[in-house]
Amino acid sequence: MSLLVTDQGFGPVPALPFVGLDQIASHRGALDLAQTDAPEAALPYLADLACIRIAFPSVADGRGFTLARRLRALGFAGTLRAQGAIIADQYAMARRSGFDEVEIPQAMADRQPQEQWLARANWQAHDYQSRLRA
Amino acid sequence: MYSYSDFDEAFVRNRVAQFTDQISRRLDGSLTEDEFRPLRLMNGLYLQLHAYMLRVAIPYGTLSPRQMHALADIAQTYDKGYGHFTTRQNIQFNWPKLPEVPAILSALADVEMHAIQTSGNTVRNVTADHFAGAAADEIEDPRPYAELLRQWSSDHPEFQFLPRKFKIAVTGSPNDRAVTRAHDIGLRMQRNAAGEVGFEVIAGGGLGRTPMLGFVIRPFLPVEDLLAYVEAVLSVYNTLGRRDNKYKARIKITVHETGREEITRMVEARFAEIKPQFGGADQALLADIRAAFAPPKFRTAPTIGYEAARSKDPIFRAWADTNLAPHRHPDYAIVTVSIKAHGQTPGDATAAQMHRLADLAAAYGHSDLRISHEQNVILPHVHKSDLAALHAGLSEAGLATANVGLISDIIACPGMDYCALATARSIPVAQDIALRFDALKLEHDIGPLKIKISGCINACGHHHIGHIGILGLDRAGVESYQITLGGDGSQDAVIGEKTGPGFAYDQIVPAIERIVLAYLGLRLAQDETFLQTYQRLGIAPFKAALYPPEAVDDAA
Ligand code: HEM
Ligand code: SF4
C-alpha cells in the first residue's frame, strides 16, 4: 500500500500504466525512471507523457531532485511524481525541484503522519532559488 | 559589511524552528536515526568522541564585533569557556548539550549567524581570502560572490543529498590565500585581455585520503554566469558522483574516473541548459550585496607614532615584522592576531579573548574581523597610528604572539583529543613543536615555514599542503607520524612528498628538529625560505638528515 502526498495532504495513489525506459516506445502516458536513468532518452516522448515517476531508493540519495529539475528544464510539463524513501523534511525540496506529488509507503505515513507533511506545504516560502532565478 | 535582509532573517529563524522540531520528531520516533543524521549534520551538529559538537559558519570568514561578542557569550554559557576556530572559517563548540542546541541557534540568529550546511553531504560554508577588501594585490573583493553563493546554496533543493560534501573557495587576488586548488570548486578572480573581470574555475580538488589538486575546468567565466556555472558543476556531480563507496564519492574521484575532457564537456552542456533559468535577479541582488561590502571610510592621519613605537619598543617591532601585511591604503596595515601562543591549542580562543578582540576591532579596526583558514584572527583595516595601542591591548589578553607564518603558527586538527575518527594525537604534537623551537630561540631565524598536522588520513589539518606535513597514524596500536615535505597551498599548489618510515610520538619533535636544522645548514642565504631551499635541492638532503644511516638500514 502507498499514499500520495500533495499540498492538500494524504490521498489515494491514482493507478497509472507505468512502463520503464526500455518500453518507452509503447508507453501509455506514464513513465517510470530510476534515479540512474538519463532523461535524454525520454526526450522525444516528453510531450506525450502525462506522468513521470522518479524513484528514490534511499533518503540519502538526492539524484532524483536533479533528474526532476532537468526534466522541467527540458520542457516536461506533465505531472512529476517522486516515489520511495522520502521523508517529510524532503517534501519542500521535492516540490521546489519540480515534483508535483510524492508517493510514499504506508509504513512511512504511519511514522510521519499527515500533519508533518502539511507543515512543509508552504514550500514556496523562504526559498532562495525563486528569488535568485527570477 | 553585509547585513541580513528580511528574507535572510526569516529564513534563518524558520530554519531554527524546523531543526528544533526535527529534534523532537527524532525523540518521538517520527524520524529514524538514519533519517535524522543528515538533518542534524546539515544543521552543523556532529556527534564526537565525548559529546556533540556544533560547527557554526563564519561565511567568508567575516565577523562584526557584535557577532564576536555573541560567540564569546555562547562559549561562556553553553561551552567550557572557549571556542575553536577551524581551517574552514568556522568556529566549533565542543561541549554543547543537545537540548540546548535550539537556544544556541537562536542566539546565533540574533546576530545574523547560523550553523546551516557546515556539515553533511551538501554545499558547505563558502570560504574566501581572509584579507578580502584590504589586500594590496586584490582585483576585486571576493566576498560579494561568496555571499551570493551562500544564498544560492542555502537549502538548495537539489543539493542537500549529494554523494558527499562539497566545498567552494573564492579569492579575488592572484596570490591565493584561500587554497582554491584543494577545493571541490575553487574560484580565482582574473582579468581577461579586454580588462573584464571573471573567474578561473578550478574543479576536483580535495585532500583527505586521496589528495588531488583541482584542474582548470573553465579558464574564464564572466562573473554574471557564476551561479549557473557552479550549478552545472553540482548538477553533473550529483548525477555522476559515486554513492557506493564514501571514500570514492568526492568530485575529485568523479573527475578522475570520468576524465577531465568528458566532465568539462558535460558541465558545459549542462550550463547551456541551466543558464536560461537565471533571469537577472541574481545580478540585481549582487549589486546590492556589493554595495554592502563597500570599504570603510579610511582615515587620513599622521603615522609618525607608528615609526616612533617601532624604534622604541623591540617587542612591538618583532610583532609588527611578523604579524602585519600590506594594506591597499598606504597608511593602513592588515593585522593578523595569532591564536597560536606557544604551548596552547592552535585555534582555541577563550571567551575573554573573543570579547577583547571584538572591543579592539571596534576601537581600532573599523569594526571588521576575519577568521583565516590558518586558524588566526585578522583585523583587516588598522590605521598605522593605532598599531601600538592595539598591540598593548592584545598583549594584556595573551594575544600578541609574534609568530604569524613562522614555525609555531601551526595548523592542527583536533585529533585524538576530541575526534572520534582520529588515529593519533595532533594538538600535543603542535604544542611540543612550538615550545621546542621557542626554547631554541630559532623561530625568527628560520623564517616562513608552514607546519600542518592531521590526526588521521581525513586530512582536516591540511598536512598534504604543509611545507612540513605531519600525519598521525595508528600502527598496531601505537601512534606513528608520517612526514611529508614540500607541500604548498598557494597559487603554485603542490602535494607534499613522503619522506619514508614514520616516527613514534616521542620521536616526532626531534625528527622535525633535524629537518629544520638541516635547512638552516643548506640555505644559500637568510632570505631563502625553507620551501625555496627544498625546491632547489629536493628531498634527498632532508631524508639524509631525517634517517641517520643505521636507521635507513633498519627500514630497508
Ligand atoms: C572533530 C570532528 C571532525 C570530524 C569527525 C571530521 C571529519 C572529517 C572527514 C571524515 C573528512 C574527510 C572527508 C572526505 O575526504 O570526504 C574531513 C575533511 C576535512 N576536515 Fe574535518 N573533521 C572534524 C573536524 C575538523 C576541524 C576541527 C577542522 C579544521 C581545523 C576540519 C577541517 C577539515 C577540512 C579542511 C577537510 C577537507 C579535507 C579535504 O579537502 O578533503 N575538520 N573531516
Ligand atoms: S584529520 Fe582525522 S583526526 Fe583530525 S579532525 Fe579530521 S577526522 Fe579527526
Side-chain angles (χ1 to χ4, degrees), chain A residues 34-40 43 56-75 82 85-99 107-117 119-120 122-134, chain B residues 5 7-8 10-15 18-19 21-22 25 28-32 34-39 42 120-122 148 150-163 227-228 231 234-241 243 270 273-274 276-286:
Chain A
Q35 73 287 355
T36 45
D37 285 336
E40 283 84 352
L43 214 47
F56 282 75
S58 97
V59 173
D61 188 335
R63 275 176 281 197
F65 298 119
T66 287
L67 203 45
R69 175 62 72 72
R70 291 203 61 210
L71 283 166
R72 291 298 186 209
L74 295 170
I86 296 159
I87 55 177
D89 310 86
Q90 291 170 320
Y91 181 73
M93 296 168 201
R95 293 292 274 126
R96 290 168 178 174
S97 301
F99 286 107
M108 178 64 81
D110 293 343
R111 199 150 48 73
Q112 303 192 345
Q114 172 165 275
E115 68 270 15
Q116 298 193 6
W117 296 79
R120 294 304 179 86
N122 70 341
W123 55 273
Q124 278 155 315
H126 311 296
D127 179 21
Y128 276 108
Q129 290 310 310
S130 54
R131 261 161 79 80
L132 291 167
R133 298 175 108 85
Chain B
S5 63
F7 184 92
D8 297 316
F11 174 87
V12 169
R13 296 282 177 195
N14 183 53
R15 183 71 177 238
Q18 260 173 28
F19 186 49
D21 178 56
Q22 283 160 345
R25 284 170 55 237
D28 74 17
S30 298
L31 288 164
T32 64
D34 277 354
E35 289 164 356
F36 178 62
R37 196 163 44 92
L39 304 175
M42 66 177 74
N121 296 334
T122 144
L148 190 67
R150 183 190 75 81
Q151 299 192 19
W152 163 85
S153 65
S154 291
D155 209 11
H156 193 300
E158 272 181 81
F159 306 136
Q160 298 304 306
F161 293 86
L162 293 169
L227 294 186
E231 185 159 308
L234 263 302
S235 175
V236 168
Y237 167 60
N238 197 26
T239 309
L240 288 187
R243 291 171 195 265
R270 198 66 57 91
E273 208 173 287
I274 292 171
Q277 298 173 27
F278 285 86
D282 62 324
Q283 294 307 300
L285 190 67
L286 178 63

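Note that the structure is predicted; figures quoted are calculated from it, not measured.
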Comparing Arg15(B), Arg25(B), Gln22(B), Gln160(B) against chain A, the one with the most heavy-atom pairs below 4.5 Å turns out to be Arg25(B)

In terms of heavy-atom proximity below 4.5 Å to chain A, should Arg270(B) be classed as side chain, backbone, both, or neither? side chain

Rounded to the nearest 0.5 Å, what's the gap from CD on Gln129(A) to CD on Gln277(B)? Could you check? 9.5 Å

Taking side chain as everything from C-beta outward and backbone as N, CA, C, O, which of these in Leu67(A) sits under 4.5 Å from a heavy atom of chain B? Side chain, backbone, both or neither. neither

Which atoms of Arg131(A) come close to chain B, meaning under 4.5 Å heavy atom to heavy atom: side chain ones, backbone ones, both, or neither? both

When rounded to the nearest 0.5 Å, the distance separating CD of Glu35(B) from OG of Ser58(A) is 10.0 Å

Only one of Glu158(B), Glu231(B), Glu273(B) passes salt bridge (Lys or Arg N to Asp or Glu O under 4.0 Å) with Arg70(A); say which it is. Glu273(B)

CZ/Arg13(B): more than 12 non-hydrogen atoms of other groups inside 6.0 Å: yes

Using atom types as modelled and distance alone, determine if a side-chain donor or acceptor of Arg111(A) lies under 3.5 Å from a backbone N or O of Ser30(B). yes

So CZ of Phe161(B) and OG1 of Thr66(A): to nearest 0.5 Å the spacing works out to 13.0 Å

Under 4.5 Å heavy-atom distance to chain A, tell me which part of Ser5(B) shows up: side chain, backbone, both or neither. side chain

Using heavy-atom distances under 4.5 Å, tell me whether Leu286(B) contacts chain A through its side chain, its backbone, both, or neither. neither

Heavy-atom contact with chain A under 4.5 Å, split by part of Asp8(B): both

What option among Pro113(A), Ala73(A), Ala60(A) has the most heavy-atom pairs under 4.5 Å with chain B? Ala60(A)

Nearest non-hydrogen partners of Gly62(A) and Arg243(B), listed with the distance: N-NH1, 3.3 Å

In terms of heavy-atom pairs under 4.5 Å with chain B, which of Gln35(A), His126(A), Gln116(A), Gln90(A) leads? His126(A)

Separation of Asp61(A) CG from Asn238(B) CG (nearest 0.5 Å): 8.0 Å

Do the side chain of Asp155(B) and the main chain of Tyr128(A) share a donor and acceptor less than 3.5 angstrom apart? no

Would you say Ile87(A) and Leu39(B) make side-chain contact, with heavy atoms under 4.5 Å? yes

Which pair of non-hydrogen atoms, one from Trp152(B) and one from Leu132(A), has the smallest distance, and what is that distance? CA-CD1, 3.3 Å

Contact origin within Leu234(B) toward chain A - heavy atom pairs under 4.5 Å: neither

